[in-house]
Each structure stands twice: as structure tokens, then as C-alpha cells.
Amino acid sequence: TIDVIPPQSGEKIQLSLDLDLQKKSYELAKNTKAAIIVTHPQTGEILASVSSPSFNSQDFEDNINSNVQNYLTDKTNPLFNRVTEATYPPGSLFKLVVATAGLEEKAINDKTEIEDKGSIKAGSSTFGNWYFLSYGKVEGMVNVVKAIKRSNDIFFYKTGEKTGVDKIKKWADIFGLGKRTQIGLDEAEGIIPSTFWKKEVLKENWYLGDTYNLSIGQGYVGTTPLQIALVTDVFANGGYLCRPQLLKQNVGVCKKLPISQNTIDLIREGMKQACSTGGTGWPLFDFKPQVACKTGTAESHAKSGMPHAWITAFAPFDNPEIAVTVLVEEGGQGSDVAGPIAKEILKAYFERSQ
């Protein structure tokens with residue numbers, strides 16, 4: 001024996017995960033392909049993180065366990081963490097970024113109104129508003145608050161055109177999109193396209209139609225559910241981008257983003273109205289305390305033809321304690337499918353705290 005190194009006890013750690021919310025989220029996501037992230041928006045703490053379908057980690061302790069082989073061949077990819085490793089078009093949730101870019105770059109302001117005539121053209125292509133395409137109705141003059149409340153595509157097509165793709169990318173970068181969050185797990189970066197990106201990767205020029213698609217979170221853009229959750233936290237906490245934390249002792253690593261209070265207030269108001277009567281977040285209209293939210297329905301290009309269902313929300317509006325982001329892969333409409341899941345999680349949290 002040359003030397004003896006005495007054993008040392010490992011450091012004690014405490015996860016930020018809330019066991020009750022984790023269990024509730026898992027039950028709500030079960031039997032679907034989904035990702036759910038619940039955060040404390042003031043600190044970046046992850047209160048729940050669920051990727052579904054999931055797996056039992058104890059199965060891997062037995063090398064001859066047949067479940068392991070089933071996991072590896074399962075086409076629903078239960079070993080794939082949809083929260084951090086999967087990228088999806090964010091759909092209308094990306095309008096929060098586009099609104100910020102438009103306001104901060106002075107392309108629009110709180111008095112800007114754009115008329116919704118149902119559709120607009122870019123070259124030979126026609127781009128419609130979801131309300132017109134679904135119900136044949138138009139919404140008249142729309143400002144930024146109403147545009148967020150009603151998720152009005154026409155307003156965001158024109159705002160994106162006024163702002164420009166490269167300035168939208170600039171603000172997406174500021175929000176941390178297109179890069180890893182440093183949570184400490186395997187992560188995808190996602191894609192925030194630009195004129196340079198399209199020329200470099202696809203060897204094609206950027207067209208106005210590409211800007212229109214980007215402005216409503218479609219086309220080439222791809223984000224992880226975790227990235228979207230952190231964008232939501234920025235509007236919940238008053239302008240701070242927090243690093244997501246799974247450990248209690250590391251909380252509060254946040255930086256102030258260069259966003260004016262006026263911009264934050266306008267977007268927060270739009271999100272509050274989205275979850276109020278007349279908005280798109282109908283499952284949360286009557287929820288107490290007041291919820292602010294943004295719904296999204298993103299084309300999936302899947303064989304099923306079903307879009308991805310999104311919602312992101314925080315509450316209470318005046319002093320947010322919790323934020324929830326839900327993505328149901330090929331689930332359908334955001335308000336119809338993801339909205340009720342978010343409502344149940346918020347309900348579980350606030351009923352327990354009463």
C-alpha cells in the first residue's frame with residue numbers, strides 16, 4: 001500500500017423539482033408525445049420537467065431486461081428528451097419575439113394599427129390569418145396588444161416585413177433562441193434562420209414569403225420547449241433571462257435584457273388579454289388568479305397532418321410565481337389540447353397553496 005485516500009461523503013444536493021407538480025405533469029402528459037416545463041420565473045428554477053412517453057430508469061439496472069430493447073425500438077422515442085433535445089416550429093409563441101423586435105427596432109409602436117383583410121400576398125403566394133381561414137372573418141384594425149390577444153397573423157406578417165428578418169434574428173438571439181440554455185443536459189440548439197443562413201445552408205435567396213412564415217413561427221425556425229419556457233419567463237419577471245436550474249443552490253443566475261419597460265408592458269397586456277374573454281386561451285378565461293398566456297398551433301409536416309399544440313402561461317399576472325409551457329406533438333390546436341393541460345397544472349399549484 002503506497003497511499004490511502006480516505007472516503008468522503010458526497011455533497012448534499014436539493015433538486016428544484018416540485019414532486020407534486022412533476023407527478024401531475026407526468027399524469028397529464030401520459031399516453032401522448034409531449035413536453036411540459038414548469039418554472040419559477042423569478043429564479044429559473046425548474047419545478048417540473050416531463051418528456052412523454054418516458055421510461056423506467058430501473059430497467060437499465062438489469063442488462064437482460066427486455067424493456068430496454070423495447071425502449072430502443074419504440075417509434076415514439078421514449079429515451080428522447082423532448083424538453084431539451086427536440087426542436088419544433090414554435091408557431092404563434094414566436095410572435096412574442098417578433099413583437100419585441102418590432103417595438104424595440106421602432107418598426108411599430110403602441111399606436112400602430114394594421115388592417116386585417118383576411119389575407120395578404122407575397123409574390124404569387126397568399127398568406128391568410130387563421131381566423132379568416134377557419135371562419136371567414138376579419139378583425140379590422142389591429143394594434144400590438146390586440147394582435148397578441150387574438151394571435152392575428154396579418155399584424156405579424158406586416159410587422160415582420162417592417163422589422164426585417166435579420167433584426168428578428170437579432171432579438172431571437174437576445175432571448176437565447178438558437179443556442180443551448182446550459183441546463184446541464186443534452187440539448188439541441190434549434191434554428192433561427194436569417195438571410196445568411198438560408199444562403200449558406202440551402203444555397204437560396206431569402207424571400208418576403210420566408211419573412212412572413214418566420215413572423216408567425218413557421219418555416220425554417222425551430223426551438224426547444226425549454227427555450228420557449230425561458231422566453232415566457234422574461235415577460236413574467238420583468239425582463240430577465242434566467243439560466244434554467246435543476247439544483248436549489250444554483251438559483252437566480254439571471255441577466256437583464258435590453259428591453260424597454262414599455263415593450264414589456266405592452267406584451268404582458270396582450271398576454272393577459274389572450275387569457276381573458278375574447279382571447280385565444282379560452283380554457284383559462286375564468287381562472288383565478290389572473291393568467292397571462294400565448295397559444296400556438298404549428299404545422300408539423302407529419303404524416304398525420306396534425307399540427308403541434310402549444311401554450312405558454314404565467315400567473316398570477318401581477319406577481320408571477322409559476323410559468324407553464326406545454327407542447328403536444330401532433331396534438332392539434334394549442335388552445336384545445338395544450339390549454340387544458342396547462343390549466344390543470346396551474347390549478348394543482350394554486351389549490352395547494354391556498
Side-chain angles (χ1 to χ4, degrees), residues 1-30 34-72 74 77-86 176 179-190 224-230 232-234 236-237 240-256 314 319-326 345-346 348-354:
T1 301
I2 298 174
D3 197 8
V4 175
I5 300 175
Q8 291 182 325
S9 298
E11 293 183 21
K12 292 181 180 179
I13 64 169
Q14 183 180 357
L15 295 179
S16 61
L17 294 174
D18 181 308
L19 183 58
D20 292 337
L21 291 181
Q22 181 75 13
K23 286 180 176 179
K24 183 68 174 179
S25 299
Y26 180 75
E27 286 300 316
L28 291 165
K30 208 158 59 173
I36 298 176
I37 315 96
V38 184
T39 64
H40 189 317
Q42 312 295 344
T43 62
E45 291 173 80
I46 304 294
L47 305 180
S49 177
V50 168
S51 176
S52 177
S54 190
F55 62 93
N56 186 343
S57 59
Q58 292 180 336
D59 288 340
F60 289 85
E61 293 182 8
D62 182 355
N63 291 330
I64 61 172
N65 193 314
S66 61
N67 285 342
V68 173
Q69 189 58 36
N70 292 337
Y71 293 146
L72 295 172
D74 190 334
N77 300 317
L79 301 179
F80 184 56
N81 186 351
R82 286 171 165 82
V83 172
T84 62
E85 295 180 275
K179 61 189 79 169
R180 295 181 178 90
T181 69
Q182 308 303 320
I183 192 175
L185 305 173
D186 287 342
E187 289 187 86
E189 290 184 345
T224 68
L226 177 59
Q227 289 172 344
I228 292 295
L230 300 182
T232 304
D233 286 352
V234 170
N237 65 30
Y240 290 84
L241 181 65
C242 296
R243 184 187 299 174
Q245 302 292 350
L246 286 165
L247 296 179
K248 268 283 189 184
Q249 56 265 47
N250 292 340
V251 300
V253 182
C254 305
K255 66 176 180 180
K256 186 75 169 72
F314 62 84
N319 186 25
E321 300 173 18
I322 182 174
V324 181
T325 298
V326 178
I345 294 169
L346 291 169
Y349 176 83
F350 286 108
E351 285 183 351
R352 183 185 64 186
S353 61
Q354 286 177 354

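Note that these values count all heavy atoms, side chains included, but never hydrogens, waters or copies made by symmetry.
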Do you know the tightest heavy-atom contact between [X] and [Y]?
X: D233; Y: P41; value: OD1-CB, 3.5 Å
X: Q182; Y: R243; value: O-CD, 3.9 Å
X: A188; Y: Q227; value: O-NE2, 3.9 Å
X: Y26; Y: V50; value: N-CG2, 3.8 Å

If you measure from the Lys or Arg side-chain nitrogens to the Asp or Glu carboxylate oxygens, is any gap between K179 and E189 under 4.0 Å? no
Could you check whether E27 pairs with K24 (Lys NZ or Arg NE/NH1/NH2 to Asp/Glu carboxylate O, under 4.0 Å)? no
Answer yes or no: does atom NZ of K256 have more than 12 heavy-atom neighbours from other residues, nucleotides or ligands under 6.0 Å? yes
Answer yes or no: does atom CZ of F55 have more than 12 heavy-atom neighbours from other residues, nucleotides or ligands under 6.0 Å? yes
Could you grab the distance from atom [atom1] of [X] to atom [atom2] of [Y], nearest 0.5 Å is fine?
X: L246; Y: Q14; atom1: CG; atom2: CD; value: 12.5 Å
X: S54; Y: N81; atom1: OG; atom2: CG; value: 8.5 Å
X: L185; Y: R180; atom1: CG; atom2: CZ; value: 12.5 Å
X: N77; Y: E85; atom1: CG; atom2: CD; value: 10.0 Å

What verdict does the side-chain contact (heavy atoms from CB on, under 4.5 Å) test give for R352 and D18, after you've listed the backbone C-alpha separation in whole Å, the side-chain angles of each residue and the deciding distance to 0.1 Å? CA-CA 12 Å; R352 183 185 64 186; D18 181 308; 2.7 Å; yes
Side chain proximity check, [X] to [Y], heavy atoms < 4.5 angstrom:
X: L47; Y: T39; result: no
X: I322; Y: L346; result: yes
X: I183; Y: L226; result: yes
X: I46; Y: L17; result: yes
X: T325; Y: T232; result: yes
X: P320; Y: Q42; result: yes

Decide whether E187 and T181 meet the rule of one side-chain donor and one side-chain acceptor closer than 3.5 Å. yes
